[in-house]
Amino acid sequence: MKALFVLDEMNQFHWSMLKSVLLILSLLPMSQFFISLLQSTDASSQIMVGFLAMSMFSAFSIISFYSALNATIIQIKSEQASSLEQNIFKIYRYVPMLFLTVMVSYLATQI
């Protein structure tokens with residue numbers, strides 16, 4: 001019965017990792033949408049559109065950061081796992097934060 005609990009716990013962990021990475025990867029199309037929207041508006045409304053774009057993008061970035069940060073603190077309790085599996089799990093926890101740093105670095109160089 002303990003094995004089913006561990007598998008369910010790992011399944012939930014994988015889904016949280018997937019959601020976190022997809023949130024982070026959606027920053028790129030969102031930034032491209034806001035840039036094209038800002039360029040297509042006339043000069044009189046660019047300030048309002050720019051403020052809206054910066055507000056929404058920063059809120060979405062904070063949500064992505066929070067999701068990646070939550071993924072790094074997840075602990076899986078498994079007595080059956082070997083030390084190699086535990087080390088792989090520790091590295092796997094930092095995948096969303098790695099995606100976030102790469103995406104923010106890419107967006108900083110492109111914008």
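What you see is a predicted model; the values in this text were computed from it and never measured. Side chains included, hydrogens not; waters and symmetry mates left out as well; all remaining heavy atoms used. Starting from 1, each residue takes its place in the sequence as its number.
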Seminar exercise, completed: M17 and V95 have their tightest heavy-atom pair at CE-CB, 4.2 Å
Exercise. Is any side-chain heavy atom of L28 closer than 4.5 Å to a side-chain heavy atom of Y106?
Worked result: yes
Exercise. Do V102 and M97 share a hydrophobic cluster, counting only Ile, Leu, Val, Met, Phe, Trp and Tyr and linking them when any side-chain heavy atoms are less than 4.5 Å apart?
Worked result: no
For this session: Provide the closest heavy-atom pair for Q46 versus T41 in the form atom of the first, atom of the second, distance.
Result: CG-OG1, 3.3 Å
Problem set entry | Nearest-0.5 Å distance that lies between atom CG in L38 and atom OG in S45 | 9.0 Å
For this session: Kindly indicate, with the supporting measurements, whether the criterion side-chain contact (heavy atoms from CB on, under 4.5 Å) is fulfilled by M56 and F51.
Result: CA-CA 9 Å; M56 290 191 58; F51 178 74; over 6 Å; no
For this session: Give the cluster check for V104 versus F33: same hydrophobic cluster or not, with ILVMFWY residues linked at side-chain heavy-atom distances below 4.5 Å.
Result: yes
For this session: Anything under 30° is parallel, anything over 60° is perpendicular, the rest tilted; go ahead and classify F13 against F89.
Result: tilted
Problem set entry | Minimum heavy-atom distance L27-F57, with the two atoms named | O-CE1, 3.6 Å
For this session: Keeping the roles fixed (side chain from R93, backbone from I73), state whether a donor-acceptor pair exists under 3.5 Å.
Result: no
Problem set entry | Separation of Q110 CD from Q32 CD (nearest 0.5 Å) | 7.5 Å
Exercise. Would S20 and L23 satisfy side-chain contact (heavy atoms from CB on, under 4.5 Å), going step by step from the backbone distance to the final call?
Worked result: CA-CA 5 Å; S20 178; L23 271 172; 5.7 Å; no
Exercise. Among the clusters formed by ILVMFWY side chains lying less than 4.5 Å apart, do F99 and L69 turn up in the same one?
Worked result: yes
Problem set entry | Hydrophobic cluster membership, L98 vs L22, 4.5 Å side-chain cutoff | no
Problem set entry | Donor-acceptor contact present, side-chain S64 to main-chain F60, <3.5 Å | yes
For this session: Take S16 and N70, measure what side-chain contact (heavy atoms from CB on, under 4.5 Å) needs, and give me the verdict at the end.
Result: CA-CA 9 Å; S16 68; N70 274 341; over 6 Å; no
Exercise. Roughly how far apart are I88 CD1 and K90 NZ, rounded to 0.5 Å?
Worked result: 12.0 Å
For this session: Start with the C-alpha gap between F34 and L52, add the side-chain angles, then the distance that decides, and say whether side-chain contact (heavy atoms from CB on, under 4.5 Å) holds.
Result: CA-CA 9 Å; F34 285 137; L52 177 70; 5.7 Å; no
Exercise. Can you tell me if S58 uses its side chain to pair, donor with acceptor, with the backbone of M54 under 3.5 Å?
Worked result: yes
Exercise. Is there a path from L18 to Y94 through hydrophobic residues (I, L, V, M, F, W, Y) whose side chains come within less than 4.5 Å of each other?
Worked result: no
